[in-house]
Structures are given as structure tokens and as C-alpha cells.
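Worksheet for the structure shown next.
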Number of protein chains: 2
Amino acid sequence: MAAQTDTRTKILASADRLLRRRGFNGFSYQDISEPLGIRNAAVHYHFPTKADLAVAVIDGYRRILRDRTAAFMAGDGDPIAQLDGFIDFSTAECCEESTMCPVGALSSDYYSLPEPIRTAGNRLLEELLAWMTRVCTVGREQGKFHFEGDPAIKAEQIVASLQGARQLARFRGAQAMQDIAGQIRRDLSIDSSRGS
Amino acid sequence: MAAQTDTRTKILASADRLLRRRGFNGFSYQDISEPLGIRNAAVHYHFPTKADLAVAVIDGYRRILRDRTAAFMAGDGDPIAQLDGFIDFSTAECCEESTMCPVGALSSDYYSLPEPIRTAGNRLLEELLAWMTRVCTVGREQGKFHFEGDPAIKAEQIVASLQGARQLARFRGAQAMQDIAGQIRRDLSIDSSRGS
DNA sequence: GTCTATAACGTGATAGAC
DNA sequence: GTCTATCACGTTATAGAC
């Protein structure tokens with residue numbers, strides 16, 4: 001059972017990276033099985049369809065998000081630290097792997113996506129936006145962030161910027177991601193020595 | 001020759017929409033030939049490889065961009081009108097067709113893209129950013145836009161926001177695109193009654 | 001739990017007739 | 001300039017042995 005779990009974990013880790021790097025239509029079962037030294041069919045054993053595999057990856061991100069934001073959503077913690085945590089996480093993935101954000105990887109393939117993946121992606125996005133909206137709301141209430149308009153829309157814009165930044169970084173290099181992250185902070189009038 | 005040109009034009013229009021809607025890996029020669037009532041091979045006659053087809057689409061956008069911005073880049077015209085023109089163009093495409101921006105459609109498939117397409121996409125992006133940088137620079141000089149930091153980075157952020165917005169709109173509907181467009185204007189302190 | 005073998009299909013692309 | 005016919009390959013997925 002240790003071996004089973006281990007194989008399953010390795011498959012999941014590989015699918016995660018491939019999905020963010022190439023998009024749902026851009027990788028195959030072979031891309032996963034070959035480097036792991038197992039067969040195509042072994043992957044199908046753990047995840048019967050490609051949709052099962054993608055949903056498992058997405059749900060993994062939903063869990064990470066929940067773990068990192070649960071305390072804040074319950075009323076505890078600093079909005080600047082929350083935002084920084086997300087930006088740093090995204091920037092690190094972008095610089096180290098040149099990957100897209102999971103939602104970005106799904107939205108480009110949206111119209112050829114099996115229904116279960118759309119649903120999982122939709123949930124991840126809604127949870128992410130609910131959290132970011134709260135970060136913006138509390139941040140402004142506490143006088144730490146400065147912006148005009150609806151916090152829910154500012155949250156949408158920040159998420160969209162970071163998603164777009166990770167894609168521009170593929171053409172222009174990781175510096176584009178760092179530049180945009182810095183500009184987001186600058187627009188919010190957060191003094192920051194890093195991120196640019 | 002009229003018929004030839006006509007078929008070629010129809011193929012190009014179809015490929016344009018398919019590329020922005022599904023990404024480079026998300027459409028096939030059949031998707032083009034079938035609705036046009038021609039054969040798979042007829043498409044290959046006009047565009048020998050799929051890369052030729054994509055490059056032709058991208059170069060079409062480079063031409064549109066150049067036509068719409070040449071006067072401004074030569075020193076004539078209003079930066080607000082330039083920005084509005086781009087946002088309106090993007091929003092219309094997003095609302096009517098739920099398509100991505102051309103650069104966004106390429107960046108998601110970046111690592112499985114034939115080299116000529118990367119080069120064409122890179123040129124389109126650099127031309128777009130050069131123009132947007134000038135829009136931000138002149139807009140601030142004229143006291144019409146308000147932002148902190150390097151105009152080139154602000155330009156990157158605006159492009160990334162709009163690219164991300166069009167992708168979020170696939171999950172959340174076209175309202176997301178309009179909301180984010182409004183927030184971009186709000187951040188620049190442009191009073192605007194539309195876009196939200 | 002993982003394997004071999006293979007089905008069933010879609011893909012981009014080419015050859016050569018007309 | 002467009003056709004028919006087909007190639008060579010990669011894809012997801014399944015059946016059944018071990």
C-alpha cells in the first residue's frame with residue numbers, strides 16, 4: 001500500500017506540473033508514465049480518465065488554498081501577509097518552472113474541457129476570489145491597502161493580473177512576473193522593497 | 001483567383017477564431033475544412049503546415065495593431081482614445097465570442113509551439129507593449145493618467161490584466177471582463193461611465 | 001497492483017489524379 | 001486550385017493475463 005500511494009503521489013505530482021506547464025490538451029499519459037518508468041495503463045489504473053487526473057490536481061490546489069487561508073477567513077491574520085504569501089507562491093512557481101497558474105491553464109482549454117474539470121476549476125476560482133475579496137476588504141478597512149471601487153472587482157483584477165503575468169513571463173522571462181507583482185503592490189500603495 | 005483568395009480568406013478567418021477560442025493545440029484542420037465544405041487537403045494547399053496558418057493569423061493582428069496605432073506612435077492623437085480603443089476592441093471580442101486575446105492563446109501552449117509561431121507571437125507582444133508603454137507615458141505627461149512607477153511596467157500590467165480578464169470571463173461570464181476594464185480605468189483615475 | 005497487447009479513433013501531412 | 005486516398009503516428013482507453 002505504501003508503494004501504491006507512492007506511485008499515485010508521483011503521478012499526481014507529474015500531472016500537476018504538466019498541466020500547469022502545457023495545459024490540459026498539451027500533455028498525454030505517456031508524458032507521465034515514461035519518466036516514472038511505468039506503463040501507460042498503470043496511470044489509467046490510478047486515474048481511469050484524464051479528467052479524473054485533472055480534477056485531482058485541481059482539488060489539491062483547493063486544499064492548499066484552504067489550508068493557507070482558513071485562519072484569515074475566520075477573522076485572524078494580516079491582509080498584507082496574505083497577499084504577499086500568494087504573490088510569493090505564484091512568483092516562485094513562475095520563476096522556477098515557467099508554469100501558468102492552475103486556473104489559467106484551464107481557462108485556455110476551457111471549451112474542450114470535460115465537464116467535471118470545469119466544475120472543479122470553477123470552484124477553485126470562486127474560492128480564490130472569495131478569499132482575495134476579503135483580503136482587499138479587510139486591507140482597506142485597516143488602512144493598509146488603497147484603491148477605489150468594489151473590493152470584489154479589485155480582487156478579480158489582481159487575480160487576472162497575476163494570471164496574465166505568468167503567461168507573459170513565458171515570452172518575456174520571469175522578470176515580467178516580478179515587475180507586475182511590484183506594480184500591483186505599488187497601485188495598492190504598499191511600500192515594498194521586493195517584487196521588482 | 002477571386003475564388004482562391006476568397007477561400008484563403010475564409011480559412012484565415014476560421015483559424016483566427018478557432019485559435020483564440022481553443023488555443024493552438026485545441027483545433028484541427030477538420031475544424032476548419034468541414035464548416036467551409038472543403039477538404040482537409042485544401043487547407044494544406046493554402047497553408048502547408050499548421051504553423052504557417054497560425055503565423056498568418058498572428059501577422060494579421062500585427063497589421064491591425066499597426067494600422068490603429070501608427071498615427072499615435074508618430075506623435076498624433078489622444079492616449080485616452082488609444083486605450084479606450086484597445087479595451088473596447090478586446091471587450092467586444094470577449095463578449096461576442098468568448099475568445100482569448102491572441103497572445104494569451106499562444107502563451108498557454110507556449111512549450112508545445114513550433115518556433116515560427118513563438119517568434120511571430122513575440123513580435124506581436126513586443127509591438128503591443130511598445131505602444132501601450134507610449135500610451136502610458138504620454139497619458140501621464142499630459143496629466144490624463146495617474147499611476148506610480150515605470151510606464152513600461154504599468155503597460156505590462158494593463159496588458160496582463162486584460163489577457164487574464166478574458167480568461168476569467170470564460171468561467172465567470174463577460175461581466176468579469178467589463179468589471180476589470182472598469183477597474184483599470186479607475187486605477188488610472190480616468191472618470192468613466194462605461195466599462196462597468 | 002501492474003503488466004502486455006491492442007482497440008478505436010483523430011491527428012497533421014503527403015502523393016498524385018483531375 | 002481542389003480533389004480522393006492514404007500514410008504514419010499519437011491519443012485515450014479497455015481487456016485480460018499475471
Side-chain angles (χ1 to χ4, degrees), chain A residues 1-16 18-19 21-58 105-106 108-109 111-118 120, chain B residues 1-19 21-58 105-106 108-118 120:
Chain A
M1 183 156 174
Q4 173 191 4
T5 302
D6 193 51
T7 299
R8 196 190 144 91
T9 304
K10 284 178 185 168
I11 290 171
L12 216 46
S14 175
D16 171 29
L18 284 164
L19 178 65
R21 192 166 169 87
R22 308 240 219 168
F24 182 72
N25 291 325
F27 75 96
S28 70
Y29 274 78
Q30 265 191 22
D31 293 326
I32 294 173
S33 61
E34 236 179 60
L36 260 49
I38 60 177
R39 306 303 135 189
N40 175 342
V43 182
H44 278 284
Y45 169 76
H46 290 284
F47 301 95
T49 71
K50 204 181 172 185
D52 294 322
L53 192 49
V55 169
V57 170
I58 303 301
L106 294 180
S108 55
D109 291 324
Y111 293 105
S112 48
L113 237 43
E115 184 52 43
I117 306 184
R118 283 192 205 189
Chain B
M1 182 159 174
Q4 173 191 3
T5 302
D6 192 51
T7 299
R8 195 190 147 91
T9 303
K10 284 178 186 168
I11 291 171
L12 215 46
S14 175
D16 170 29
R17 190 168 182 283
L18 283 164
L19 178 66
R21 191 166 169 87
R22 308 239 220 166
F24 182 71
N25 291 324
F27 75 95
S28 70
Y29 274 77
Q30 264 191 23
D31 293 325
I32 294 173
S33 60
E34 234 178 61
L36 260 50
I38 60 177
R39 306 302 136 189
N40 175 340
V43 182
H44 276 286
Y45 170 75
H46 290 284
F47 301 95
T49 72
K50 206 180 172 187
D52 294 322
L53 192 49
V55 169
V57 170
I58 302 302
L106 294 181
S108 54
D109 291 324
Y110 191 79
Y111 293 106
S112 49
L113 237 43
E115 184 53 43
I117 306 184
R118 282 194 205 190

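Chain naming here is simple, since letters A, B, ... match the order of the sequence lines and numbering starts at 1 in each.
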- Item | Residues Thr49(B) and Asp52(B): side-chain donor-acceptor under 3.5 angstrom |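 There is such a pair (donor and acceptor under 3.5 Å, judged by atom type) between the side chains of Thr49(B) and Asp52(B).
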- Query: Choosing from dG12(C), dG1(C), dT2(D), which nucleotide comes nearest the side chain of Tyr45(A)?
  - Reply: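 So the nucleotide nearest the side chain must be dG1(C).
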Separation of [X] atom [atom1] from [N] atom [atom2], in whole Å?
{"X": "Arg8(B)", "N": "dT2(D)", "atom1": "CZ", "atom2": "P", "result": "12 Å"}
{"X": "Leu36(A)", "N": "dG1(C)", "atom1": "CG", "atom2": "P", "result": "17 Å"}
{"X": "Lys10(A)", "N": "dG1(C)", "atom1": "NZ", "atom2": "P", "result": "16 Å"}
{"X": "Glu34(A)", "N": "dT11(D)", "atom1": "CD", "atom2": "C1'", "result": "14 Å"}
{"X": "Ile32(A)", "N": "dG10(D)", "atom1": "CD1", "atom2": "C1'", "result": "15 Å"}
{"X": "Arg39(B)", "N": "dG12(C)", "atom1": "CZ", "atom2": "P", "result": "17 Å"}
{"X": "His46(B)", "N": "dG12(C)", "atom1": "NE2", "atom2": "P", "result": "17 Å"}

- Message: For the helix from dG1(C)-dC18(D) to dC18(C)-dG1(D), what angle separates the axis at the start from the axis at the finish, each from five pairs, in steps of 10°?
- Response: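 Answer for the end axes of this duplex: 0°.
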- Message: If we ignore hydrogens and angles and just use 3.5 Å, is the side chain of Lys50(B) paired with the main-chain N or O of Phe24(B) as donor and acceptor?
- Response: yes
- Query: Side chain of Asp109(A), backbone of Asn25(A): donor and acceptor closer than 3.5 Å?
  - Reply: yes
- Query: Step by step, would you call Val43(A) with Leu36(A) a side chain to side chain contact (heavy atoms under 4.5 Å, CB included)?
  - Reply: CA-CA 10 Å; Val43(A) 182; Leu36(A) 260 49; over 6 Å; no
Return the polar atom pairs (N/O with N/O) between nucleotides 13-15 of chain C and the protein under 3.5 Å, or none.
from	atom 1	to	atom 2	distance (Å)
dA13(C)	OP2	Tyr29(B)	OH	3.4
dA13(C)	OP2	Lys50(B)	N	2.9
dA13(C)	N7	His44(B)	NE2	3.0
dA13(C)	N6	Asn40(B)	ND2	3.4

[N], OP1 or OP2 - any side-chain N/O from [X] closer than 4.0 Å?
{"X": "Ser28(B)", "N": "dT11(C)", "result": "yes"}
{"X": "Thr7(B)", "N": "dT2(D)", "result": "yes"}
{"X": "Gln30(B)", "N": "dG10(C)", "result": "no"}

- Message: For Ile11(B) versus Ala42(B), what's the shortest heavy-atom pair and its separation?
- Response: CD1-O, 4.5 Å
- Item | Closest non-hydrogen atom pair between Ile58(B) and Ala120(B), with its separation |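 Nearest heavy atoms, Ile58(B) then Ala120(B): CG2-O, 3.5 Å.
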- Task: Look up atom CG in Leu12(B) and atom CG in Leu53(B), then write down how far apart they are to the nearest 0.5 Å.
- Result: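 One finds 7.0 Å between CG of Leu12(B) and CG of Leu53(B).
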- Task: With sequence neighbours left out, write down each residue that passes side chain to side chain donor-acceptor pair (under 3.5 Å) with Ser28(A), or none if nothing qualifies.
- Result: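 Ser28(A) satisfies side chain to side chain donor-acceptor pair (under 3.5 Å) with Asp31(A) once adjacent residues are dropped.
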- Task: Examine Arg22(B) relative to Phe27(B) and say whether NZ or CZ is less than 6.0 Å from the centre of the six-membered ring and inside a 45° cone about the ring axis.
- Result: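 No cation-pi geometry.
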